[in-house]
K.L.:
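First, the structure itself, so that you have it in front of you.
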Amino acid sequence: MAVTPLSFGSVNDAINDIFFDGRFSAQPVYLSMDNGMRSEFAERFGIDPNTAESAICDSVRPTLARAGDPYARYALDTRIWKRSGMRRPPPFSALLFSLAYAAELMEAEGDFANSNYYYRLSQVTGIERDILKRYRNSPEPLWLALNDWLVANNHLLGRPTARPMSSTWRYVGWSISQAIVRASDRDLFHDLFEGFGFSGSEAISKRDMVHYLANWMLTSRPNARLKNAWSKRELRERVAEAAIAELASWNSGSGTTIAGTQARATRLSLLANLVPRLAGPVLELHLGHLGEEASPATLVNEVGSFQIANDEFGNFATISPSPFLAGDAALGQLHAFKQIGSARRLEWQPRLVVPFAKPEQGALWVEATRVGFGVQHLLLVRDTGRLPKMVESYLMKAASRLPTIATAGKLKGLPAGWILYGDVQISRTDIHPDSYDLECLVPFGEGSVLDFQGGLQLLPSFYHSKSSPVARLAVPAGPARLEAAAPVAEGTIASTPSAGKEVELRLGSNMGEALVLRGYEGEELVEETEVFFRDADNPTPLHRDGRGQLEYASILSTGKPAFTPSVAVRGMSVAGEVTHPGKVDQGSGEPAAVLPEGGAVEDVQDATYSRAVEQHVAREACIENGYHVWRFPMIPADTPRGTPVEGRCTSCSQSLVIVYRQRKKVLPAAALAARIPLPPMPLPTNDDTHPVDHDLLLDALSFFGSGSWSKFVALLDALTTEPQFARQVAEEYAALGLVDVELRPGSSAIRSWSVPAPAINFFGDRQAFLSGFRSGDLVQQLQQAVVDAGGKLSSAPQGGGPSALFFEGIDDSVLRTAIDGIHDPHGRQVAINVQPALSIAGACLAMPPLEQSLVPVSIGRARNLQQFNPQSAHWKDVEGVRGNGCYRWNEGSQAYAYVGADGTAKGGPYQITKLLAARASRMRLHAYDASKHAFRSTLGCEPPGLLSRALVACSGRLPARDRGITIHTSVTPEVGLATMKVLYGEV
């Protein structure tokens with residue numbers, strides 16, 4: 001009985017959902033299925049997973065013309081799709097998958113040839129080979145359209161991988177590029193990652209990965225298919241791309257090794273954070289991994305209980321309390337954890353020399369397996385024996401410049417017995433230290449480096465059009481030259497003269513929305529990459545199903561509560577039935593109320609570890625001595641250069657993979673005779689002479705539309721030298737109605753954010769302000785419409801946030817007509833809200849009480865426990881919990897809790913825990929003065945969430961600060977007293 005083929009439309013939708021749903025965000029996406037994808041496809045249609053590919057090809061066959069161009073239908077569909085703006089997924093994905101599958105069948109035989117490809121394609125499509133060859137160029141526009149669509153979505157649905165590869169395979173190459181590394185083969189790379197000690201947090205370039213792969217391909221681990229692909233030089237970069245993509249997902253610890261199916265332990269990385277503080281810079285050391293935990297996880301080891309979450313650094317999940325707060329001893333200890341309720345294990349091994357590199361985004365320094373050629377690093381080195389002298393002597397010969405140095409006495413947080421070296425950049429690979437302990441300081445290969453410095457990076461390869469980077473090319477010999485050209489047009493837009501081993505080229509959006517950068521050493525092309533420029537005028541498309549667009553159902557946070565809310569708030573807009581606060585007497589309020597003066601905005605404590613853990617740490621002998629005792633197997637004389645060789649320390653059993661180099665130039669012993677004084681490391685300070693460009697930050701946030709906390713932190717880190725005030729910035733943006741935020745229950749930690757639709761909000765007589773999404777083109781359209789209607793749009797700077805945009809001299813009815821038809825780039829009409837402050841205050845009255853946001857916590861025996869004094873509005877150190885009140889502590893992440901009269905501790909945002917302490921003491925931290933229309937708060941105790949937004953909506957401005965008091969102005973009695981009612985009950 002014949003099986004009815006699946007319909008092409010349903011199959012094409014399934015292919016789009018599997019490959020382009022965002023799971024490959026910023027990663028290369030190949031049209032090749034692994035077992036998980038096959039099962040996903042098969043479950044959707046109720047078929048056997050082993051028949052998934054054939055079912056897809058069978059659905060494509062009836063769509064191909066039997067006379068003339070087989071792909072004629074697709075050419076027409078593609079033109080219509082492109083004219084409509086490519087807003088939906090491609091209508092030809094199933095066809096391209098079938099073309100790639102034919103290449104996969106050919107590649108499985110190891111026979112890369114045009115004739116073999118068309119033989120396989122004929123089997124897949126049912127079209128004669130001669131016809132397929134005659135129309136071999138027809139699919140090319142489809143591959144180009146797929147790449148254009150992925151670029152238009154800013155690589156958030158995947159990075160393009162289809163390309164012709166060479167003139168020999170001009171047309172066949174598009175399909176072959178998808179099949180070089182089959183999805184089912186990618187698990188083989190796990191052995192490479194294990195063997196070279198990767199953690200998954202490394203930023204590995206294609207150039208460096210090629211060196212690792214070259215060594216790995218000499219082993220028996222890769223299969224014949226991979227080795228065959230690797231034997232062809234033109235395919236090696238594609239293999240490297242696939243390995244890098246697999247490394248990013250392998251980081252989660254869910255992968256398996258080639259030898260079996262047991263999940264490996266997640267390799268943790270050491271994270272270094274240089275924090276500017278008023279009392280001087282501090283070095284923080286944390287354990288974590290790149291990526292996001294779905295939710296905070298509980299870990300245990302022989303010492304006690306820990307948590308791993310993204311609360312502190314967003315794009316890195318870190319362990320709290322940080323084990324390294326116990327002092328230098330913890331840096332010499334193996335740290336192993338097990339996750340409660342899971343078989344997952346996490347491990348970190350101590351090292352004598354720890355290189356750090358910066359990831360593409362963020363201010364952290366992340367532990368690297370070894371240094372890369374021409375890339376800047378930090379080095380953390382054990383200060384014992386001859387080790388520092390050996391490190392410095394090697395750097396004098398192999399580094400491009402003199403490194404800087406910081407010691408424990410000069411840098412707070414640097415453990416005793418350790419040295420931190422900065423500005424380490426290795427420029428020679430022909431010199432090797434005479435100690436395997438320094439093997440991590442030798443790059444695998446010497447090659448060119450093309451990287452970017454400065455600018456606001458939105459995504460890998462994407463920069464903000466108003467904050468462009470400087471491209472830097474470093475080559476081993478020189479002369480170096482950089483050229484920038486348009487992706488399709490011929491000719492050079494900008495270039496540098498050939499000079500030395502390093503050159504720099506300032507990029508800019510004035511050169512175009514996309515640039516191809518080519519780096520030359522002499523006349524040889526050694527580097528080529530593409531760079532894109534974006535801003536909020538061309539934002540990332542919103543999720544079609546509305547995912548990511550948050551709304552408030554409670555005062556503190558967006559999210560889905562256990563109850564069905566009667567009202568919801570997005571930005572300054574309120575949906576649902578709201579009972580507005582009734583009219584009140586203008587003389588109401590407390591004009592004479594005296595509030596305690598806060599010392600500063602709520603700061604972050606220096607993290608301190610508990611005493612109980614410190615008693616258990618014991619440094620390994622090798623870390624104590626400053627050297628390992630390495631033993632390697634006998635290496636036969638005919639061993640090929642570049643072969644990986646694994647050794648083991650006979651003292652601590654730590655393993656080390658080296659690369660066999662045959663003869664090597666060893667640093668002579670005489671070079672160790674004396675240490676040259678090194679300049680001190682420049683350290684960050686609070687004297688920020690480059691304040692945050694908040695208009696640029698808002699444009700970047702609007703470009704994304706929504707995102708995780710890690711994305712917010714990464715964007716802010718690129719614009720400031722003070723990475724510790726990200727939550728304060730987010731709270732102020734939320735108060736202005738520029739972002740909506742989701743908090744982790746029971747804390748101030750932000751999980752995610754979204755930018756609401758643009759809205760014009762009236763707060764007075766013919767006065768309004770703009771909130772939500774903002775872009776340059778949208779503001780220009782609004783300005784022209786307002787001026788034409790007889791009004792005015794003005795901009796006013798405001799500290800702590802983007803410029804305030806005010807509409808004046810026009811009422812809401814006239815403005816509504818004037819802006820009719822003006823939409824943001826997402827097609828959303830600009831909304832108009834009349835008296836949003838009153839609506840938001842009414843919504844707060846209808847929402848659950850603030851104390852319902854707290855969750856039970858355990859304070860434990862935190863060493864740096866402090867209690868909040870409502871009378872003085874200051875924190876004081878305490879040895880333990882002393883009755884009811886608000887407490888805070890930091891064992892790697894800042895935590896707050898309110899302890900009730902019954903001794904029960906509940907955690908939550910600092911504003912709520914302080915408020916409950918004030919209530920219990922019959923104190924007020926807030927007051928409303930109706931005669932002056934002023935709402936005053938003790939500094940560091942401002943109303944949280946939507947309450948703050950309601951107060952800001954009265955004027956469109958952030959509050960002022962004066963001698964320990966925060967003051968919101970122009971607050972109407974209805975809003976002011978409604979806020980007091982939410983905070984203190986009946987007033």
Side-chain angles (χ1 to χ4, degrees), residues 189-216 219 221 240 243-253 255 257 264-272 285 287-291 316 331 334-335 346-360 364-382 391 394 398 421 424-426 429 432-433 435-447 449 623 628 630 642-649 654-661:
F189 291 129
H190 297 182
D191 177 75
L192 166 71
F193 307 151
E194 291 276 9
F196 287 105
F198 289 165
S199 68
S201 297
E202 296 91 349
I204 304 292
S205 67
K206 278 192 297 187
R207 174 183 45 79
D208 285 341
M209 184 58 80
V210 165
H211 288 296
Y212 286 107
L213 285 165
N215 295 316
W216 182 65
T219 71
R221 297 305 195 184
I244 292 170
E246 186 64 21
L247 177 61
S249 61
W250 177 82
N251 171 73
S252 66
T257 65
R264 71 173 182 92
T266 298
R267 281 224 175 97
L268 298 171
S269 297
L270 189 60
L271 311 176
L285 296 174
L287 272 185
H289 68 76
L290 181 64
F316 278 89
L331 274 175
L334 172 69
H335 293 275
L346 303 93
E347 293 181 356
W348 180 80
Q349 231 177 17
R351 302 167 67 182
L352 287 167
V353 179
V354 184
F356 293 90
K358 271 198 172 183
E360 282 193 294
L364 290 173
W365 290 87
V366 184
E367 180 178 356
T369 306
R370 65 173 60 220
V371 301
F373 174 78
V375 181
Q376 192 174 40
H377 296 277
L378 288 181
L379 289 183
L380 184 64
V381 177
R382 176 80 177 114
V391 169
Y394 169 72
Y421 296 95
V424 174
Q425 188 170 308
I426 303 299
T429 59
H432 304 280
S435 170
Y436 288 124
D437 291 329
L438 273 61
E439 179 71 20
C440 64
L441 300 183
V442 184
F444 263 168
E446 178 176 344
V449 175
I623 306 298
H628 292 283
W630 298 108
T643 301
V645 180
E646 182 175 4
R648 194 165 294 276
C649 175
Q654 189 173 137
S655 62
L656 173 69
V657 176
I658 65 168
V659 175
Y660 179 58
R661 302 186 183 91

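Since this is a predicted model, take the numbers as computed values, not measurements.
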K.L.:
Identify the two heavy atoms, one from Ile623 and one from Leu352, that lie closest to each other, and give their separation to 0.1 Å.
P.N.:
CA-CD2, 3.8 Å
K.L.:
As an exercise, state the distance from CG of Leu364 to CZ of Phe316, rounded to the nearest 0.5 Å.
P.N.:
6.0 Å
K.L.:
Roughly how far apart are Leu290 CG and Leu271 CG, rounded to 0.5 Å?
P.N.:
9.5 Å
K.L.:
Whether the side chain of Tyr212 engages the backbone of Ala240 through a donor-acceptor N/O pair (distance < 3.5 Å, no angle test) should be reported.
P.N.:
no
K.L.:
Among His289, His335, Glu367, exactly one meets side-chain hydrogen bond (donor to acceptor under 3.5 Å, both in side chains) together with Trp348. Which residue is that?
P.N.:
Glu367
K.L.:
So, applying side-chain contact (heavy atoms from CB on, under 4.5 Å) with Trp630, which one of Ser435, Cys649, Ser655 is it?
P.N.:
Cys649
K.L.:
Looking at Thr369 and Cys440, what are the two nearest heavy atoms and their distance?
P.N.:
O-CB, 3.6 Å
K.L.:
Where do Val353 and Leu441 land on the side chain to side chain contact (heavy atoms under 4.5 Å, CB included) test, with the steps shown first?
P.N.:
CA-CA 8 Å; Val353 179; Leu441 300 183; 4.0 Å; yes
K.L.:
As a quick check of understanding, evaluate side chain to side chain contact (heavy atoms under 4.5 Å, CB included) for Gln654 and Arg648, giving each step before the final call.
P.N.:
CA-CA 6 Å; Gln654 189 173 137; Arg648 194 165 294 276; over 6 Å; no
K.L.:
Which heavy atom of His377 sits nearest to which heavy atom of Gly372, and what is that distance?
P.N.:
NE2-N, 3.1 Å
K.L.:
Which heavy atom of Trp365 sits nearest a heavy atom of Gln376, and at what distance?
P.N.:
CZ3-O, 3.9 Å
K.L.:
Starting from the C-alpha separation in whole Å, work towards a yes-or-no answer on side chain to side chain contact (heavy atoms under 4.5 Å, CB included) for Phe356 and Leu379.
P.N.:
CA-CA 6 Å; Phe356 293 90; Leu379 289 183; over 6 Å; no
K.L.:
To the nearest 0.5 angstrom, please state how far the CG atom of Leu331 sits from the CG atom of Leu285.
P.N.:
6.0 Å
K.L.:
Can a side-chain donor-acceptor contact be found between Glu439 and His432 if the only test is distance below 3.5 angstrom?
P.N.:
no
K.L.:
Does Val442 offer a backbone N or O that forms a donor-acceptor pair with the side chain of Arg370 under 3.5 Å?
P.N.:
yes
K.L.:
Hey, mind stepping through Ile426 and Val375 against side chain to side chain contact (heavy atoms under 4.5 Å, CB included) and telling me if it holds?
P.N.:
CA-CA 7 Å; Ile426 303 299; Val375 181; over 6 Å; no
K.L.:
Look only at the side chain of His628 and the backbone of Leu656, and say whether a donor-acceptor pair between them is shorter than 3.5 Å.
P.N.:
no
K.L.:
Minimum heavy-atom separation for Val354 to Leu270, with atom names?
P.N.:
CG1-CD2, 4.2 Å
K.L.:
Determine the minimum heavy-atom distance between Arg267 and Phe193, stating which atoms define it.
P.N.:
NH1-O, 4.1 Å
K.L.:
Donor-acceptor pair, Arg351 side chain versus Asp437 backbone, under 3.5 Å?
P.N.:
no
K.L.:
Glu347 side chain to Leu334 main-chain N or O, any donor-acceptor pair under 3.5 Å?
P.N.:
no
